[in-house]
Amino acid sequence: MSRTRELIELSERRSAHNYHPLPVVVREARGAWVTDVEGRRYLDCLAGYSSLNFGHGNPKILQAAQEQLQRVTLTSRAFFHDQFAAFCQGLADLCGKDMVLPMNTGAEAVETAIKVARKWGYEVKGVAPGQANIVVMEDNFHGRTTTIVSFSTDPDARDGFGPATPGFTIVKYGSAEAIREAIDDNTVAVLIEPIQGEAGVLVPPSGYLREVREICTEANVLLIADEIQSGLGRTGDTFACDHEGVVPDMYVLGKALGGGVVPVSAVAADAGVLGVIRPGQHGSTFGGNPLACAVGNAVIELLGTGEYQAAARQLGTILHERLRALIGPVGQGGHGVVAVRGRGLWAGVDIDPSLGTGRQVCEALMRRGVLVKDTHGSTIRFAPPLVISEEDLNWAVDQLVAVLAELAEPAEPAER
Ligand SMILES: *Cc1c(COP(=O)(O)O)cnc(C)c1O
């Protein structure tokens, strides 16, 4: 039995089956490339769902982590440590906000935003106790806690985990009118992904976010942007909201903030919002720990150069141009791609379901040395590290073209 099969079988036997991974067992990685236990190399076009925007083993991030490992890694928030101030100031400045509240995972940061918004609603807006509601979007993905899955519209994410947390109103994504209608006197926030990642990289209509911003301002409702996946360079700007010149009241950040090394998340907001949280009301043993802050500081420094945003913009243009050229039925000028969405180095590609499932496309790409992940049936998502070279990016698209040709070729139906 191969080392790969052996490790997969043991993993499947001894771990809960809450994921359905591709059959590749990674041993090491650098930049945009990973190597498996058999020594095979793959181009990572998923980048840990945008956790690895700066590449595997980014030298600046590794150096910051290694130096911090030697000094102090954990203090708890019972004490201050010397990385904390710089992290909070750096991240607040990056967001153009007064202050931040650091946590670890994305879901924890979303939970933080929900708690802050509710408390702001009661203390600042004057909502009656226990009556606050938050407007959320259909097909959202904000994490896996019991409260967050309470307002998921994905049956797999939600069903079987009730009773649901009340206080959320779900509206159609992309319709500002639907948000306007859903807001009432007890609404404290609108929680939105500026681009819906897990839903298939759905980009809302142009002008939508600006309109949502106006509606929230008029109604005295906080606009909370979940930029956990869309933020920190991915779309060609620091935040996806920047493309519409929109500034939310609260940014929710995670994934790439940890540099692919440790989980680091945070919310950023002005003092009038985050100031509602006082000692003892919210926290996390690991949130804002020295190692996390040192890594976060390196990430903030990398984003400060603007290089990664520029790379995502330039390479994103190439990626989208090349993917769009594949749209159309096979044999009629196309390659079996139905639609391409996204922004920057982030693309959702809908494959003609008659060619195969998204999973089949991902498995075929894996055999050709490209790692991507399917979502919702026949969509595959490209989100390579922003350090990918133009040559490698083109090569990845070439592999997709080859896979689509294979799947369209009736002489080779038994490729699996
Ligand atoms: C990944 C993600 C989350 C959850 O982050 P975790 O670190 O997995 O808890 C929340 N919101 C969005 C938009 C995400 O992409």
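Each ligand, and each atom within it, is numbered from 1 in the order the structure gives.
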**OP:** Mind telling me whether His142 and Phe151 have parallel, tilted or perpendicular rings, with 30° and 60° as the class edges?
**Re:** tilted

Scan the side chains in residues 379-391 for donor-acceptor partners under 3.5 Å anywhere in the protein, sequence neighbours excluded, and list what turns up.
| from | atom 1 | to | atom 2 | distance (Å) |
| --- | --- | --- | --- | --- |
| Thr379 | OG1 | Asp350 | OD1 | 2.6 |
| Arg381 | NH1 | Glu198 | OE2 | 2.9 |
| Arg381 | NH1 | Gln229 | OE1 | 3.4 |
| Arg381 | NH2 | Glu198 | OE1 | 3.4 |
| Ser389 | OG | Asp392 | N | 3.0 |
| Ser389 | OG | Asp392 | OD2 | 3.4 |

Subject >> By salt bridge (Lys or Arg N to Asp or Glu O under 4.0 Å) - contacts of Asp36 (at least two apart) >> reply: Arg40

Subject >> Neighbour list for ligand 1 [protein residues, heavy atom under 4.0 Å] >> reply: Thr105, Gly106, Ala107, Phe141, His142, Gly143, Glu193, Asp226, Ile228, Gln229, Lys255

Side chains of residues 89-102: which donor-acceptor partners sit under 3.5 Å, not counting sequence neighbours?
| from | atom 1 | to | atom 2 | distance (Å) |
| --- | --- | --- | --- | --- |
| Lys97 | NZ | Pro248 | O | 2.7 |
| Asp98 | OD2 | Ala271 | N | 2.8 |

Original post:
Would you call the rings of Trp395 and Trp33 parallel, tilted or perpendicular if under 30° counts as parallel and over 60° as perpendicular?
Top reply: tilted

**OP:** Identify whether the distance between the nearest side-chain nitrogen and carboxylate oxygen of Lys115 and Glu111 falls below 4.0 Å.
**Re:** no

